[in-house]
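Below is one structure, written out as structure tokens; the observations come after it.
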Number of protein chains: 2
Amino acid sequence: MRGAVAPAAVFYDHVMSPRREPVSRRDRPAKPPLSRAALVGAALRIMRDEGLERVTMRRLAAELDTGPAALYVYVRNAAELHGALLDALLADLPLPGPGTPSRWRDDLVELLCAYTSLLIGHPSLARSVLLLRPYGPNFLRLFDTLLGLLRAGGVRPRPAAWGVDLLLQHATATAAEQGTRSADAATEAAEEQALATAIAEADAAAYPQIAHARDELLSGPGEERLRWSLTAMIDGIAGSRA
Amino acid sequence: MRGAVAPAAVFYDHVMSPRREPVSRRDRPAKPPLSRAALVGAALRIMRDEGLERVTMRRLAAELDTGPAALYVYVRNAAELHGALLDALLADLPLPGPGTPSRWRDDLVELLCAYTSLLIGHPSLARSVLLLRPYGPNFLRLFDTLLGLLRAGGVRPRPAAWGVDLLLQHATATAAEQGTRSADAATEAAEEQALATAIAEADAAAYPQIAHARDELLSGPGEERLRWSLTAMIDGIAGSRA
DNA sequence: ACCTGAACACCGTTCAAGT
DNA sequence: ACCTGAACACCGTTCAAGT
């Protein structure tokens, strides 16, 4: 299953990359040649080590020993680079094998959970992806697989297409919420607390429903909540008369 | 119903505002005194005229005839200002009256559509709110109302609480997708096209499910799709055994 | 308690000029 | 065709010093 994805990634790389032979001049410290793959690779390293917020065009250029302007040969803008990072990450997402059709529901939840955990490791990327329309080959493969699972569940094309969008949006948003929103952990905690405090102290007369559900409102996300959300959505999608 | 919200907004303003009497010195051009309300008001004007991307701390300070540092007396940071802008906007959201309990489903969809249209007028704010945990009084009132509608539908506190989060998240994301992501309309169109092209040209052998559902994948969002999504989610939430 | 001036530490993107 | 140098046009936030 994994094997099928790699060639697509290679193809994708060629889409934007200008052809360039790796000239081997052995009398130089051999600054490696620029390429879309080299860009994405370096960006991936910086993201893993320091988070996406440090992956700026300037920083990336410095890492590759060139000027920021040179990067625009390989990516249209910073957002496109983020899309490429997502796709690189998705190469590691294990897709379900053929499987029995009756397991479509569980397969769907598992795959979406796996996608979410992958992104939870990079919350700032998830936040960026939330504002993007990814279209890389690995993303398309994920999309295709999700569509197939809904189809296996007897869902017609329209609700399946709209449903996959819905499910991926929620999975991405869940990852985006996790982890440090701000660079500063203290600021982060304060922001998280603001809502908690507002809920905890909400006047029962002014906000009766909040008062009634107070305990559940503060029950954190976690995997249980994600699974619940995905299941509820899948039920709604599968039951759709559209 | 509207009347109940205004006092809360006033209260909210006082939470962070230092007390300050409006000194009336008539021998000066009368630079109006700073206050949280003045900040939010000016930010609202800039947002309406030029979009949220122009509402920077520096620009806002210039508008108020002061330095950027002065703003930090009234807001913790730029994100908190965005939260305040959302809450100011939500003051105009018409909430449903008591109504008959049997209408809870339609009321829910209507209210969420109204919330979405409000935000569609300010897509960049929606994008910012997506990364926020709003907690202003008008947002809490909306949350409270949504909780009440689910409760009227017989949904227990836990799925209701989790469900409202889900519904609001999708409504916000829908608004965030609308309109210009980039300042430049041409860049925007190109980005939108990238996914469309990828789907339209996706190899049927590599992506069979995408090929099968191709027409539906490109069917734009629009209100029909939003209503479908909301309905599907509500069905799933209401049917939850959690 | 608040405001000012000024700095710190950065951004994405473009463009003429070179090779 | 690509890379370089340099600029354009900005950011959020902090902090010492004033009032």
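The model shown is predicted, which means the values in this text are computed figures rather than measured ones. A, B, ... follow the sequence lines: proteins, then strands. Residue 1 opens every chain.
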Next item on the list: Figure out the CG/P separation between A:Leu81 and C:dT13, and round it to whole Å.
Entry: 10 Å
Check: Under a 4.0 Å heavy-atom cut-off, which of residues 64-71 of chain B touch DNA chain D?
Finding: B:Pro68, B:Ala69
Item checked: Whole angstrom value for the distance that separates C1' of D:dC11 from CG of B:Asn77 -> 14 Å
Donor-acceptor pairs under 3.5 angstrom involving side-chain atoms of residues 112-122 of chain A: please list them, not counting sequence neighbours.
residue	atom	partner	partner atom	Å
A:Tyr115	OH	A:Thr172	OG1	2.8
A:Thr116	OG1	A:Leu112	O	2.7
A:Ser117	OG	A:Cys113	O	2.7

Check: Dot-bracket for DNA chain D, 5' to 3', counting Watson-Crick or G-U wobble pairs under 3.5 Å, with [ ] for crossing pairs and | for inter-strand pairs?
Finding: ||.|||||...|||||.||
Notebook entry, point to check: Which whole-number value in Å describes the distance from A:Arg59 CZ to C:dC10 C1'?
Noted result: 13 Å
Item checked: Value in whole Å for how far the P atom of D:dC11 lies from CG of B:Leu52 -> 12 Å
Check: Would B:Leu60 and B:Leu81 satisfy side-chain contact (heavy atoms from CB on, under 4.5 Å), going step by step from the backbone distance to the final call?
Finding: CA-CA 11 Å; B:Leu60 184 54; B:Leu81 176 64; 3.6 Å; yes
Check: Can B:Gln169 and A:Gln169 be counted as having a side-chain donor-acceptor contact under 3.5 angstrom?
Finding: no
Note to self: Side-chain N or O of A:Tyr72 versus OP1/OP2 of D:dA1: is the shortest distance under 4.0 Å?
What the structure shows: no
Check: By side chain to side chain donor-acceptor pair (under 3.5 Å), which residues pair with B:Asp165, not counting sequence neighbours?
Finding: A:Arg225
Check: Can you tell me how far C1' of D:dG12 sits from CZ of B:Arg54, to the nearest Å?
Finding: 16 Å
Margin query: Between P on D:dG12 and CG on B:Leu39, what's the gap in Å once rounded to a whole number?
Written below: 13 Å
Checklist line | Sequence-distant partners of A:Arg58, side chain to side chain donor-acceptor pair (under 3.5 Å), two or more places apart | finding: none
Next item on the list: Choose from D:dC3, D:dG12, C:dG12 the nucleotide whose nearest atom is closest to any side-chain atom of B:Arg58.
Entry: D:dG12
Margin query: Suppose you measure atom P in C:dC10 against the same atom in D:dA9; what distance do you get, rounded to whole Å?
Written below: 23 Å
Checklist line | side chain to side chain donor-acceptor pair (under 3.5 Å) partners of A:Arg227, counting only residues at least two apart | finding: A:Glu110, A:Glu223
Margin query: Heavy-atom count check: over 12 atoms from other residues, nucleotides or ligands less than 6.0 Å from B:Arg214 CZ?
Written below: yes
Item checked: Heavy atoms from other residues, nucleotides or ligands near CD of A:Glu224 exceed 12 (cutoff 6.0 Å) -> no
Note to self: I need the B:Met57 CE to B:Leu71 CG distance, nearest 0.5 Å.
What the structure shows: 5.0 Å
Margin query: If I pick the C1' atom on C:dA7 and the same atom on D:dC11, what distance separates them, to the nearest angstrom?
Written below: 14 Å
Checklist line | Spacing between A:His82 atom NE2 and C:dG12 atom C1', to the nearest angstrom | finding: 11 Å
Notebook entry, point to check: How close or far is atom C1' of C:dC10 from atom CE of A:Met57, stated in whole angstroms?
Noted result: 16 Å
